[in-house]
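Below, chains carry the letters A, B, ... as their sequence lines are ordered, and counting in each starts from 1.
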Amino acid sequence: MRFLKILISQFHKLYKVNGINDEIKNIFQRLIHEYYNKFGRDFPFRRQINPYYVLVSEVMLQQTQTNRVSLKFLEFIKRFPDFESLAMANNNDILETWQGLGYNRRALALKKIANIIIQEYNGELPNSIEILKTFPQIGHNTASSILTFAYNKPTFFIETNIRRVYIYYFFPGRTNIDDKEILEILKKTIDAKNPRKWYYALMDYGVMLKKNHPDLYKRSKHYKKQPKFKGSDREIRGHILKLLIKKKEFPIEEMIRIIGLSKIRVKKIIDQLEKEEFLKKVENLIKLV
DNA sequence: GTCCTGAAGC
DNA sequence: GCTTCAGGAC
């Protein structure tokens with residue numbers, strides 16, 4: 001701890017005078033690693049690593065807290081242990097296991113990805129950002145993190161905890177910081193020899209920083225307040241899907257009655273769910289696909 | 001660019 | 001009421 005404090009104060013002093021250079025890079029890497037060696041977090045998806053587990057956990061971790069993902073991850077890989085079993089599974093079982101994580105379309109996307117990997121990539125997760133980005137629900141950040149965690153390949157990506165670390169150390173006093181600026185410095189400071197460990201360490205450090213500096217993210221250009229969940233279409237949509245997963249099918253009129261809101265509003269949400277391939281309408285029934 | 005998308009802990 | 005490991009559709 002004492003050693004860590006020395007590194008931190010050295011960093012601030014030297015960065016203020018010289019800006020970014022090799023010495024700063026060295027001190028920064030040492031302090032991040034030093035913290036991780038002492039206080040790094042332990043997760044099931046960090047203990048057992050294979051490309052399938054990494055894909056599942058990274059998709060689960062989009063917009064969802066680590067502590068909520070840990071248990072679900074174990075449940076999920078127990079029920080769907082590999083690409084093949086997920087590709088063979090039906091949506092109903094997948095959504096049932098997914099309950100509690102939210103953003104259910106991620107679950108459907110995972111199944112689609114499993115299908116693509118079995119059919120087009122011989123059952124192996126492609127080792128390429130460009131290919132991964134063609135998969136549903138996989139953008140640049142998720143593609144990069146998957147490659148780094150699955151194959152220990154150096155990539156450059158920002159997520160909320162990483163952003164917090166860079167804002168804190170490299171943009172003191174600044175506001176409206178663009179991720180492009182952070183990415184430039186991130187590229188210059190990466191530990192390319194141990195990318196997997198490096199990114200674990202960065203994220204864990206960012207989580208720690210949040211305790212004493214909860215407002216760091218607000219200095220990002222990309223900070224946005226979320227709209228209210230209570231009373232939103234999202235809440236209704238979640239409710240409809242939850243009922244459907246439990247009972248498989250409902251007469252559409254009964255669903256409208258249970259939800260207790262205007263027919264027009266509920267129908268619109270049901271149409272959207274149909275369009276996203278969660279459910280289908282059969283005569284007067286709605287049922288899971 | 002803007003809007004949409006869950007659920008839970010605090 | 002607040003925040004929380006973004007990505008897709010438009």
Sugar-phosphate only, base, or nothing, as touched by Gln137(A) at under 4.0 Å among non-hydrogen atoms: sugar-phosphate
Worked check of salt bridge (charged side-chain N to carboxylate O under 4.0 Å, His left out) between Lys268(A) and Asp271(A): CA-CA 5 Å; Lys268(A) 202 176 133 199; Asp271(A) 285 349; over 6 Å; no
Candidates dA6(C), dT3(C), dT4(C) - which lies nearest the side chain of Gln62(A): dA6(C)
Sugar-phosphate only, base, or nothing, as touched by Ser232(A) at under 4.0 Å among non-hydrogen atoms: nothing
Charged tip of Lys247(A) within 45° of Phe250(A) ring normal and under 6.0 Å: yes
Sugar-phosphate, base or nothing in reach of Leu241(A), heavy atoms under 4.0 Å: nothing
Pairing of Lys230(A) and Glu235(A) as salt bridge, 4.0 angstrom limit: yes
Distance, rounded to the nearest Å, where Lys228(A) contributes NZ and dT5(B) contributes C1': 18 Å
Sugar-phosphate, base or nothing in reach of Phe135(A), heavy atoms under 4.0 Å: sugar-phosphate
Check: dA7(B) base within 3.5 Å donor-acceptor of Arg234(A) side chain: no
Derivation and outcome, salt bridge (charged side-chain N to carboxylate O under 4.0 Å, His left out), residues Lys242(A) and Glu96(A): CA-CA 9 Å; Lys242(A) 194 170 179 178; Glu96(A) 195 179 271; over 6 Å; no
Sugar-phosphate only, base, or nothing, as touched by Tyr223(A) at under 4.0 Å among non-hydrogen atoms: sugar-phosphate
Sugar-phosphate only, base, or nothing, as touched by Thr64(A) at under 4.0 Å among non-hydrogen atoms: base
Side-chain-base donor-acceptor pair under 3.5 Å for Gln226(A) and dG6(B): yes
Touch class at under 4.0 angstrom, heavy-atom based, for Lys242(A) against every strand present: nothing
pair Arg234(A)-Gln226(A): side-chain heavy atoms closer than 4.5 Å: yes
Base-pair map of DNA chain B as dot-bracket, where | denotes pairing with a different strand and pairs are Watson-Crick or G-U under 3.5 Å: |||||.||||
Touch class at under 4.0 angstrom, heavy-atom based, for Arg237(A) against every strand present: sugar-phosphate
Glu181(A)/Arg174(A) under salt bridge (charged side-chain N to carboxylate O under 4.0 Å, His left out): CA gap, chis, key distance, verdict: CA-CA 12 Å; Glu181(A) 299 177 73; Arg174(A) 275 279 312 280; 3.1 Å; yes
Touch class at under 4.0 angstrom, heavy-atom based, for Gln272(A) against every strand present: nothing
